[in-house]
*Asks:* 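The structure that follows is given in the form of structure tokens.
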Protein chains: 2
Amino acid sequence: MFIEIDMQSEIPLYTQLADQLIEGIASGQLKPGDPLPSVRSLGADLGINLHTVNKAYQTLKQEGFLDIHRKQGVIVRSGGMPPITDEFLRRMGRQVKSLAAEAAIRGMNEEDFVRKCTETYRSTINFSGGDGS
Amino acid sequence: MFIEIDMQSEIPLYTQLADQLIEGIASGQLKPGDPLPSVRSLGADLGINLHTVNKAYQTLKQEGFLDIHRKQGVIVRSGGMPPITDEFLRRMGRQVKSLAAEAAIRGMNEEDFVRKCTETYRSTINFSGGDGS
DNA sequence: TTTCTGTTATACTTTATATATAACAGATGA
DNA sequence: TCATCTGTTATATATAAAGTATAACAGAAA
């Protein structure tokens, strides 16, 4: 796996894990139907508890990014990803607003702010593992 | 004050307060040199403890957005706001990356994502209280 | 039957968040 | 001088979040 956990970070471990799984899906490193490691093996790999892994899995299952079957285990959802919701737009708006305010105070103008957001979006969805087939 | 605290939110109270003060500075509702309410009066106004207010004030003082003098009390920093730092760029990059990944998965393309960021930046720094003088 | 799976349950520790109360020293205004 | 307000510090408490540890269960697979 490509997951890297920073034990010194102030960001909760299960949040770091869930974020990186989301980013893996967005970048194409994880494709619909792809199996994920078991909570025990991934926990052992990352050096964290299986319940911490399970909390990340459950969160992403609840939000519709993962499916968990008795047979196949944990897989990336293959029946279509969740759409844009009002809840997501509100959450994105709140976080971007907070960042934009601090950026503006620090002297970052609209052009630079938007450029940074654009570049970040592109670097997030474009991963070298993708092929043009 | 224009501060509104949501007691039901999962976001810590001192974070809500600090965020809204930052947004007040960015929008021009709070200008350099402007005095802020005392920790006791603002706490009473918002219905929260003075230590919670103090934690928000201390955080913003530490980051360079506020000054606290024995005489003038708490005021918006008038000697120049903190610049763009590597730490800020990293933090912004991390948060935008997380949002961009989820947005892309949910079907929001680059154009819509960037538009939302642009509109949010503009609505953050443009406040009706500003005049063109 | 053994092994692996997700899941649930219980218990525990540590940290973060928030409040309550009190006290102190500097500054202010009557 | 005296009362009041300021930020600040200290102590204590309560609650929740985060993370770990251990165990057990039932379904599936070899």
Side-chain angles (χ1 to χ4, degrees), chain A residues 1 3-21 30 33-78 91 94 98, chain B residues 1 3-21 30 33-78 91 94 98:
Chain A
M1 291 288 290
I3 307 292
E4 287 184 8
I5 297 297
D6 179 5
M7 302 298 289
Q8 314 305 326
S9 171
E10 77 287 356
I11 302 172
L13 304 183
Y14 74 92
T15 302
Q16 292 183 48
L17 177 52
D19 282 350
Q20 292 187 46
L21 290 173
L30 291 174
D34 277 358
L36 266 57
S38 75
V39 293
R40 288 177 176 84
S41 67
L42 184 53
D45 274 359
L46 300 177
I48 63 181
N49 194 271
L50 86 168
H51 293 107
T52 307
V53 177
N54 187 249
K55 184 166 182 176
Y57 280 177
Q58 287 299 326
T59 300
L60 296 181
K61 170 192 172 190
Q62 178 69 24
E63 293 173 348
F65 299 109
L66 297 181
D67 280 330
I68 305 181
H69 301 98
R70 181 65 70 173
K71 279 190 71 167
Q72 302 152 284
V74 181
I75 63 171
V76 179
R77 187 173 203 130
S78 54
R91 176 156 45 87
R94 176 169 46 73
S98 176
Chain B
M1 291 288 289
I3 307 292
E4 287 184 8
I5 296 297
D6 179 6
M7 302 298 288
Q8 314 306 325
S9 172
E10 77 288 356
I11 302 173
L13 304 183
Y14 75 91
T15 302
Q16 292 183 48
L17 177 52
D19 281 350
Q20 291 187 46
L21 289 173
L30 291 174
D34 277 358
L36 265 57
S38 73
V39 293
R40 288 177 176 83
S41 66
L42 184 53
D45 274 359
L46 301 178
I48 63 180
N49 194 271
L50 86 168
H51 293 108
T52 307
V53 176
N54 187 249
K55 184 166 183 175
Y57 280 178
Q58 288 298 326
T59 299
L60 296 180
K61 169 192 173 191
Q62 178 70 22
E63 293 173 349
F65 299 108
L66 297 181
D67 279 332
I68 305 181
H69 300 99
R70 181 66 70 175
K71 280 190 71 166
Q72 303 152 283
V74 182
I75 63 172
V76 179
R77 189 174 201 125
S78 55
R91 176 157 44 89
R94 177 168 46 74
S98 176

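Just so you know, these numbers use all the heavy atoms, side chains as well, and skip hydrogens, waters and symmetry mates. The sequence lines fix the lettering, A, B, ..., with proteins before strands; numbering per chain opens at 1. What you see is a predicted model; the values in this text were computed from it and never measured.
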*Asks:* Ignoring backbone atoms, establish whether B:Lys71 has a side-chain N or O less than 4.0 Å from OP1 or OP2 of C:dG26.
*Replies:*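 So the side chain of B:Lys71 is outside the cut-off, no N or O lying under 4.0 Å from OP1 or OP2 of C:dG26.
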
*Asks:* Keeping the roles fixed (side chain from B:Ser9, backbone from B:Asp6), state whether a donor-acceptor pair exists under 3.5 Å.
*Replies:*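 No, the answer is negative, given that no donor and acceptor are paired below the 3.5 Å cut-off.
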
*Asks:* Take B:Tyr14 and B:Ile48 through the side chain to side chain contact (heavy atoms under 4.5 Å, CB included) test and state the conclusion after the steps.
*Replies:* CA-CA 10 Å; B:Tyr14 75 91; B:Ile48 63 180; over 6 Å; no

*Asks:* Does any N or O donor sit under 3.5 Å from an N or O acceptor when you compare the side chain of A:Arg40 with the base of C:dT7?
*Replies:*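 Between C:dT7 and A:Arg40, which were checked side chain against base, a qualifying N/O pair under 3.5 Å is present.
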
*Asks:* With a 4.0 Å cutoff (strictly under), does any side-chain N or O of A:Ser38 reach OP1 or OP2 of C:dT5?
*Replies:*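 True: A:Ser38 side-chain N/O within range (under 4.0 Å) of C:dT5 OP1/OP2.
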
*Asks:* Base, sugar-phosphate alone, or nothing: which one does A:Gln58 contact when heavy atoms must sit under 4.0 Å apart?
*Replies:*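 Answer is sugar-phosphate: A:Gln58 comes under 4.0 Å of backbone atoms only.
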
*Asks:* Are B:Tyr57 and B:Pro37 side-chain neighbours, meaning at least one heavy-atom pair lies under 4.5 Å?
*Replies:*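 Result yes, sub-4.5 Å side-chain heavy-atom pair found.
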
*Asks:* Find the distance between CG (A:Asp45) and CD1 (A:Ile3) and round it off to the nearest 0.5 Å.
*Replies:*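 It is 10.5 Å, given to the nearest 0.5 Å.
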
*Asks:* Examine D:dA18: is either OP1 or OP2 under 4.0 Å from a nitrogen or oxygen in the side chain of A:Thr52? Give yes or no.
*Replies:*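 It does not, given that no N or O in the side chain of A:Thr52 lies less than 4.0 Å from OP1 or OP2 of D:dA18.
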
*Asks:* Does B:His51 get its side chain close enough to the base of D:dT8, under 3.5 Å, for a donor-acceptor pair?
*Replies:*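 For B:His51, whose side chain was compared with the base of D:dT8, there is no donor-acceptor pair (under 3.5 Å).
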
*Asks:* Determine whether a donor-acceptor pair (N or O, by modelled atom type, separation under 3.5 Å) exists between the side chain of B:Gln72 and the backbone of B:Pro35.
*Replies:*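 Checking the backbone N and O of B:Pro35 against the side chain of B:Gln72, no donor-acceptor pair under 3.5 Å is found.
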
*Asks:* Does the side chain of A:Val74 reach to within under 4.5 Å of the side chain of A:Asp67, using non-hydrogen atoms?
*Replies:*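 Answer no - side chains too far apart.
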
*Asks:* Heavy-atom contacts under 4.0 Å between residues 8-20 of chain B and DNA chain C, which residues?
*Replies:*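 Heavy-atom cutoff 4.0 Å gives B:Pro12, B:Leu13, B:Tyr14.
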
*Asks:* Looking across every strand, which nucleic acid part, if any, lies under 4.0 Å from A:His69 by heavy atom: base, sugar-phosphate, or nothing?
*Replies:*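 A:His69: no heavy atom of the nucleic acid under 4.0 Å.
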
*Asks:* Just report the end-to-end axis angle for the helix from C:dT1-D:dA30 to C:dC24-D:dG7, five pairs per end, to 10 degrees.
*Replies:*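 Angle reported: 20°, given to the nearest ten degrees.
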
*Asks:* OP1 or OP2 of D:dG7 less than 4.0 angstrom from a side-chain nitrogen or oxygen of B:Asn54, does that happen here?
*Replies:*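 No, no such contact exists.
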
*Asks:* Phosphate oxygens OP1/OP2 of D:dA18: is one of them under 4.0 Å from a side-chain N or O of A:Lys55?
*Replies:*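 Result: yes.
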
